[in-house]
Structures are given as structure tokens and as C-alpha cells.
Amino acid sequence: MLLEVEPKMDKIIVLDFGSQYSHLICRRIREANVFCEIYPYNLTSEQITKLSPSGIVFSGGPASVYTENSPKPDKKIFELGIPILGICYGHQIIVDNFKGKIKRSNTREYGKAILTIDDKSDLFKNFDGSINCWMSHGDTAESIPTGFKVLAHTESSSSAAIGNQEKKFYGIQFHPEVIHTERGFEILKNFSINISKAKPEWNIMNFIESTIENIKKQVGNDKILCAVSGGIDSTTVAVLLNRAIHDNLQCIFVNHGLLRYGEESLVMNLLTKIGLNVLYIDASERFLTKLKGVTDPEEKRKIVGREFINVFQEEVKNEKDQFQWLAQGTLYPDVIESGVSVGPASIIKTHHNVGGLPTMLNLKVLEPLRYLYKDEVKKVAKILNVPDELLNRHPFPGPGLAVRIIGEITPEKIRISKRASKIVEDELVNANLYDSVWQAYAAVGDDKAVGVIGDGRLYGNIVIIRVVNSIDAMTADWTKLPYHVMERMSNRITNEVDGVSWVTYAISSKPPSTIEPQ
Ligand code: XMP
């Protein structure tokens, strides 16, 4: 059972045809303060009627409308009287549905193009002349359907934006959601507010107030368990719950022995300071025992996930009957990825989370953040006075150092990775760079190299510094740190961390690499 906090307000829905940008479209529309959700492309017109959206966006997608079994929406969707905006593949669906012609192409138009605006009455309201837009498509519209007119064009596409302004159906070949399209946000805003007439009612303050009210109503006098890590999501959940039900909330912080340097005391102090009732469990020994001798990355991840559930279950065993709810920091992208996206993404890494807990504990689940994106959670956290020390810390993976230590996890490698990572973080802070990078740490494996420490020969460990820039961890670039900062990190690590003879810097981006080595 999930906490029913779905905001009751005007909304736009995005039908996902398999685009990598569906979440971006959704976020941009929310930035215009209009509530927006993503659904699978094959939602029936009856389901859509029930949702009662003010407008519908068809996302892009990798398919071609003429390919057999290419994803198509329910045909009756065009009879609901709801405005529709098709983007890229979504645009081609509209053209195809109304008997325009799509030209099949073997080459993709990819990159920036100049879009000349021909009609400024609705979708391009307040626009003038031309803008840069971002194209990424193969097929294009060769002839536009009857009832539609050209609203904008580019040199290579005479119908880059079309509209049937009476029926309020629009199609655009370019991507308004990416930042490379100038004023793309305004196009989505014009569609959502001016054309679809959705009221801009989505804002974080309302979300907080209504969520707290909903929790109070739904939970009543029941008791809630909440696993916390000091990360932004679990902290924000705990603070929201604390506001709603205070005395009936029990937070649990499990130390698996693979945390960052000094993390357990920092997190416990900060969480206690903001008034949370947190039970601290030091389970490091049992985690490290279970991980002894294990070298396979996926196996390590699974062991950490399983052991977390075991610890949690044992700890709450005696008091379990007191609790009726388990709270989790699930976010909107997790909900969508795990349920309704078009194609299953292949699993690169099994992420450790507390997903298995609810069934094992037989508790009802509360997910107060399940409608929010990460940047929205940050806004909630800020308003709820979550301390900056927690808010601004780099994200840390659930399995912790288990995924930053290559090969078997040993006390020696934990010590090296913790100390060396602390130096990397401190030097970034000193250089005023900590806040501008996404993650930064020092990994360690089994490779060794010869060094000279003092007058002696040291056959010591090689440490790998990894610092990356990223927006959402889906892609990442290695950070081009100034040489003097790298040099200080290296000098300090070889001087201050016993057993390290060499320091290297990871210069591969994601893809093809990932952010964590395991
Ligand atoms: P990768 O290594 O896949 O990581 O490029 C992408 C982002 O996810 C974080 N990460 C995790 N976070 N549980 C988490 O909560 C995990 O099991 C996990 N594995 C990776 C990683 O730190 C990066 O930010």
C-alpha cells in the first residue's frame, strides 16, 4: 500500500515512446509550475479520461512510424478534445495519424539548427524571428496533414513545427526540452499553460503542506520505521514524517562498516540535532564477515543488500508488532524506471536499496517523495531546514566502499580508501571545488607498485583518484582538476596513508566507464 499523495491539481501527462528525454520534458513542465507525470505510450483513452489531463505530450522515441509494431497511441486519444504536443517521433505519429507523409531517411539530422518562426500566435507566443534548436531525428514530415499549418521551419525541414490550431494538436521535430534549444522551456510552458490551460499550481510549499496533512490522515496513530543513511532522500523523508507524526517515528541508521571517514558520527550528530529519533546499529563486523573472500562486484552488492535486510529484520524483530509502516525515499524516476518505461533497460549494476524490506517485514509502505525529482527533493529539504552539511555532501552509493574497493574487501583496503578519499575531499574543499564536482573519492584494488618511502623500498598499493562532473549520474565527465590540486592530493596520500606507493587519476568518462569502479 502506497501513500496516496498524488497531487490533485491540473496536470500534463507525457506519453513515453521510449525517449531518453521523457523525464526531462516532465521536469521542464514542472519548472513552469504545472504538475506533470509520465505514462506508457499505450495508455487507453479510457485511462486517459480518468486521469483527466489538461494536455498530453507524446515523447520522442527510437522507432519509425512505418516499422512494424512501432509504438502507437490509442487512436481514440485524438477524439478526447485534449490538446496534444508531439515531439520528434511524437510529431511523426501526429503527421502519420492525420494522413500526412513521413519521409524515411537513412541518415540522422543531429545537432543545432536555426528555427525560423512563422506563426507567433500560440506555441511560439512572444517569440520573434528565429531561435537555435536541437534536432535529433531520422525521419521527417514530407507533407503535412490537412488542417495543419507550418508554425516554424529550418533550412532542412520545411515543417519543423506544425499545428492544427483549432483542434490544438501540435507537432515539433526538434527537442524543446534540451538546453541546446533556446527558449525551449517557453515552448513547453506555452503548450501547458496557454494552450492546454493547465493552472500552474505545482509548487514545493504546497507539496510539503499537503504531504504532511496526507501523512497525518493516512497514518493516524500508527508507528513508522524509517531507514536513514544521512543521504538527502532518506533525511528528507524522515524530516517530513517527523513534522507529521513526530513521536511515532523511529529512524534506524545501520553502519555497515563501509562508510566514508567519520561518516557515522557526522550523520548521527546532524540527524539528532534536527530532532530525529535515530537508533544507531553498528553492524560492521557482520557485513565484513559476510563479504570476506568475495571479489565479484555483483556478488558484493547482493551480499550488502541481503545483509542490510537481515540486520534490519533482526533489530526490529522484538518491536516489529509495534510498527505498521515502513517509510522509503523512493523518487519519481525510480517509480517510472521500475514500472512503465517502454523497453527494459539492461542491468549494469544491481543497486542496493531497501527494496526488499517491505515484504520481509510485512509492513505497509510510505513513499512520500514518489512524485518528486531529485532537484525537487533538494528544494523540499532546504525549506525543511535540512543542514547544508547533509544537503551539499556528494552522493554516496548504498553499498559504500564495497563498490570502491576492487577485489576482496579487507580492513587494510578499507583503511586506505577511507583515508585517501578524505584527503581527496579535503583538498577539493581547500581548492573551493568540492561543490562543483558530482563525486570524488579514492578507490583501491590489489595492484601494487614499488615506491621509495624515506630510505626504504615499499611495494605498496596503487590508489585511483576518481573525480567526476555530472548532472544526474546517467552520464559523467572526468573532472579536469588543476595540476597543483592533483599534486597536493597525491603528495598527501603517499605521505599520510601508510602502504600507498602510487597515486593515479581516472580519466575515463561515463560512458563507456561508470562512476564507481564496481
Ligand atoms: P555508476 O557507477 O553506475 O553510478 O555510474 C551512478 C551513480 O549511482 C551511484 N550508485 C549507487 N547508489 N546504491 C546507490 O544508492 C548503489 O548500489 C549504487 N551504485 C552506484 C553512484 O555513486 C553514482 O552516483
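In each ligand, atom 1 is the first atom listed, and ligand 1 is the first ligand listed.
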statement: Per-atom filter on ligand 1: closer than 4.0 angstrom to a heavy atom of T514 are 1 (P), 2 (O), 5 (O)
query: Does P399 come within less than 4.0 angstrom of ligand 1, counting non-hydrogen atoms of the residue?
result: yes
F253/I281 under side chain to side chain contact (heavy atoms under 4.5 Å, CB included): CA gap, chis, key distance, verdict: CA-CA 6 Å; F253 178 69; I281 299 168; over 6 Å; no
- request: Could you check if a side-chain atom of I13 sits within less than 4.5 angstrom of a side-chain atom of L43, using non-hydrogen atoms only?
  value: yes
W438: numbered ligand 1 atoms lying under 4.0 Å from its heavy atoms: 24 (O)
query: Does any non-hydrogen side-chain atom of I406 lie less than 4.5 Å from one of D446?
result: no
message: Counting only heavy atoms, tell me which of P297, S470, G400, G398 gets closest to atom 14 (C) of ligand 1.
response: G398
query: Would the H175 and Y21 ring centres measure less than 6.0 Å apart?
result: yes
query: Does I515 reach ligand 1 with a nitrogen or oxygen that is under 3.5 Å from one of the ligand's nitrogen or oxygen atoms?
result: yes
- request: Check P397 against ligand 1 and report side chain, backbone, both or neither, counting heavy atoms closer than 4.0 Å.
  value: both
From R27, K382, R370, R30, residue fulfilling salt bridge (charged side-chain N to carboxylate O under 4.0 Å, His left out) relative to E376: R30
field: From R301, R466, K510, Q439 - option closest to atom 19 (N) of ligand 1 by heavy atom
entry: R301
- prompt: Looking only at N/O atoms, are E516 and ligand 1 under 3.5 Å apart anywhere?
  reply: yes
- prompt: Between R466 and Y441, is NZ or CZ placed under 6.0 angstrom from the six-membered ring centre and within 45° of the ring axis?
  reply: no
